[in-house]
Amino acid sequence: MKEPFESQIPEFEFLSYEVRERVAVVTVRRPQALNALNQDLLFELAAVTDVITQDPEVRVAVFTGEGRAFVAGADIAQIADIQDAFAGREFALLGQTVFNEIAALPVPTIAAVNGFALGGGLELALACDLRVASAKAKLGLPEVSLGIIPGFGGTQRLLRLLGRGRALDLIFTGRHVPAEEALQLGLVNRVGEDALELALELARSILKNGPVALALAKEAVTRGEGLELDEALEVEADLFGFAVTTQDMKEGTRAFLEKRAPEFKGE
Ligand SMILES: C/C=C/C(=O)SCCNC(=O)CCNC(=O)[C@H](O)C(C)(C)COP(=O)(O)OP(=O)(O)OC[C@H]1O[C@@H](n2cnc3c(N)ncnc32)[C@H](O)[C@@H]1OP(=O)(O)O
């Protein structure tokens, strides 16, 4: 007999994982250190991406933090112990690999920024597709204040999201950007009282749509980002071609013509 999926979920020390109405909620739980990312926590984040990918229930994933921080960065005590350039590069590559895995998740991902999202914390949020923040959240890349640079993808993902001028403003000053300003900059998509509630509300509005179409749309945007426009448009056309072959397309178009809500199966 097949084991229920829940029994295959590993025990996490620094994370909790739960699924609420098809939304996976991953909560980073190391509140005594403002959820700073030590190496074990990074390994657990990598493991949880496998869980999300394999969990048949999950259609959207939300990442958030326990207590007053989302994630206050990589663990500064561990960084202080790094002895040479090789080990420093390995540390950056570890964080980049884990965040690449999060960025490559097939389902839409949302960072619910409930408090400080600094350094590696903002880099985690930047690896998600969308970011929502509570009004009290503060976001930034303060690495230069420690004599280092963002190393978990921040220099590249912030550049792509905000453009060179605004990215370098945040990277050079290392300042903590308040949520309202982050909204104006386009660093976050929405601001409200409670980041998790906001993320779940956003997830609900995504869940109404065709699951395969969501994955294909994410793939089109992701693959197109690094290409010339003509090549990127070819990728879009190919993925559109795939979308029209799905059961979800048949259901979505039929439901429209029959003036009823679609019932997508993700096939
Ligand atoms: C490649 C990636 C590189 C990086 O990510 S480098 C790290 C970038 N992040 C930062 O530079 C932020 C560091 N943290 C802070 O600046 C402050 O915290 C805050 C402004 C976020 C909050 O300040 P306050 O409210 O005064 O709290 P508190 O007493 O500083 O922090 C509570 C406990 O949390 C620990 N902690 C906070 N951030 C980190 C961290 N990133 N790494 C390791 N520990 C951290 C502290 O040390 C302390 O611990 P204790 O109570 O034992 O003194």
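Start at 1 and go down the list; that is how both ligands and their atoms are numbered.
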K.L.:
To check your reading of the model: name the closest protein heavy atom to atom 1 (C) of ligand 1, its residue, and the distance in Å.
P.N.:
Gly151 N, 3.4 Å
K.L.:
So which heavy atom on Ala195 is nearest to which on Ser134, and how close?
P.N.:
CB-N, 3.7 Å
K.L.:
Indicate, as side chain, backbone, both or neither, the part of Glu123 found under 4.0 angstrom from ligand 1 when only non-hydrogen atoms are considered.
P.N.:
side chain
K.L.:
Working note: Phe12 + Phe43, criterion ring-ring contact (aromatic ring centres under 6.0 Å, His included); need CA distance, chi angles, decisive distance, verdict.
P.N.:
CA-CA 10 Å; Phe12 294 114; Phe43 288 136; over 10 Å; no
K.L.:
Heavy atom of Ala33 under 4.0 Å from ligand 1?
P.N.:
yes
K.L.:
Are any of the protein's heavy atoms under 4.0 angstrom from atom 46 (C) of ligand 1, yes or no?
P.N.:
no
K.L.:
Any idea which protein heavy atom is nearest atom 33 (C) of ligand 1, and the distance to it?
P.N.:
Gln32 O, 3.4 Å
K.L.:
Is there at least one protein heavy-atom neighbour under 4.0 Å from atom 30 (O) of ligand 1?
P.N.:
no
K.L.:
Return a yes/no value for Pro142: is any of its N or O atoms, backbone included, closer than 3.5 angstrom to an N or O of ligand 1?
P.N.:
no
K.L.:
Do the non-hydrogen side-chain atoms of Leu196 and Asn114 ever get within less than 4.5 Å of each other?
P.N.:
no
K.L.:
Do you know which two heavy atoms are closest between Val62 and Ala199, and how far apart they sit?
P.N.:
CG1-CB, 3.9 Å
K.L.:
I'd like to know whether NZ of Lys250 has more than 12 heavy-atom contacts from other residues, nucleotides or ligands below 6.0 angstrom.
P.N.:
yes
K.L.:
Can you check whether Ile149 has an N/O within less than 3.5 Å of an N/O in ligand 1?
P.N.:
no
K.L.:
Of all the heavy-atom pairs spanning Leu170 and Val177, show the shortest one and how long it is.
P.N.:
CD2-CG2, 3.5 Å
K.L.:
One residue to check: Leu37. Relative to ligand 1, which of side chain, backbone, both or neither has a non-hydrogen atom less than 4.0 Å away?
P.N.:
neither
K.L.:
To the nearest 0.1 Å, how far is atom 18 (O) of ligand 1 from its closest protein heavy atom, and which atom is that?
P.N.:
Leu34 CD1, 3.6 Å
K.L.:
If we count only non-hydrogen protein atoms and require a distance under 4.0 Å, does atom 23 (O) of ligand 1 qualify as touching the protein?
P.N.:
no
K.L.:
Counting only heavy atoms on the protein side, is anything nearer than 4.0 Å to atom 13 (C) of ligand 1?
P.N.:
yes
K.L.:
May I ask whether atom 43 (C) of ligand 1 is less than 4.0 Å from at least one protein heavy atom?
P.N.:
yes
K.L.:
Under 3.5 Å, N or O to N or O, is Ala72 touching ligand 1 that way?
P.N.:
yes
K.L.:
Among all protein heavy atoms, pick the one closest to atom 15 (C) of ligand 1 and tell me residue, atom and distance.
P.N.:
Leu118 CD1, 4.7 Å
K.L.:
Indicate yes or no: does an N/O atom of Ala74 lie under 3.5 Å from an N/O atom of ligand 1?
P.N.:
yes
K.L.:
Measuring to protein heavy atoms, does anything land under 4.0 Å from atom 5 (O) of ligand 1?
P.N.:
yes
K.L.:
To which protein heavy atom is atom 40 (C) of ligand 1 closest, and what is the distance rounded to 0.1 Å?
P.N.:
Ala36 CB, 3.5 Å
K.L.:
For atom 25 (O) of ligand 1, tell me which residue out of Lys138, Arg30, Arg68, Glu143 has the closest non-hydrogen atom.
P.N.:
Arg68
K.L.:
Using a 6.0 Å cut-off, check whether atom CD of Glu263 has over 12 heavy atoms from anything other than its own residue.
P.N.:
no
K.L.:
Among all protein heavy atoms in this structure, tell me which lies nearest to atom 20 (C) of ligand 1, with the distance rounded to 0.1 Å.
P.N.:
His176 CE1, 3.8 Å
K.L.:
Is any side-chain heavy atom of Val107 less than 4.5 Å from a side-chain heavy atom of Arg22?
P.N.:
no
K.L.:
Can you confirm whether Glu228 is buried at CD, in the sense that more than 12 heavy atoms of other residues, nucleotides or ligands lie under 6.0 Å from that atom?
P.N.:
no
K.L.:
Is there a protein heavy atom at a distance of less than 4.0 Å from atom 52 (O) of ligand 1?
P.N.:
no
K.L.:
Under 4.0 Å between a Lys/Arg side-chain N and an Asp/Glu carboxylate O for Arg223 and Glu234?
P.N.:
no
K.L.:
Counting only heavy atoms not in Arg260 (residues, nucleotides, ligands), do more than 12 fall under 6.0 Å from its CZ?
P.N.:
yes
K.L.:
Any side-chain heavy atom of Leu124 sitting closer than 4.5 Å to one from Phe99?
P.N.:
yes
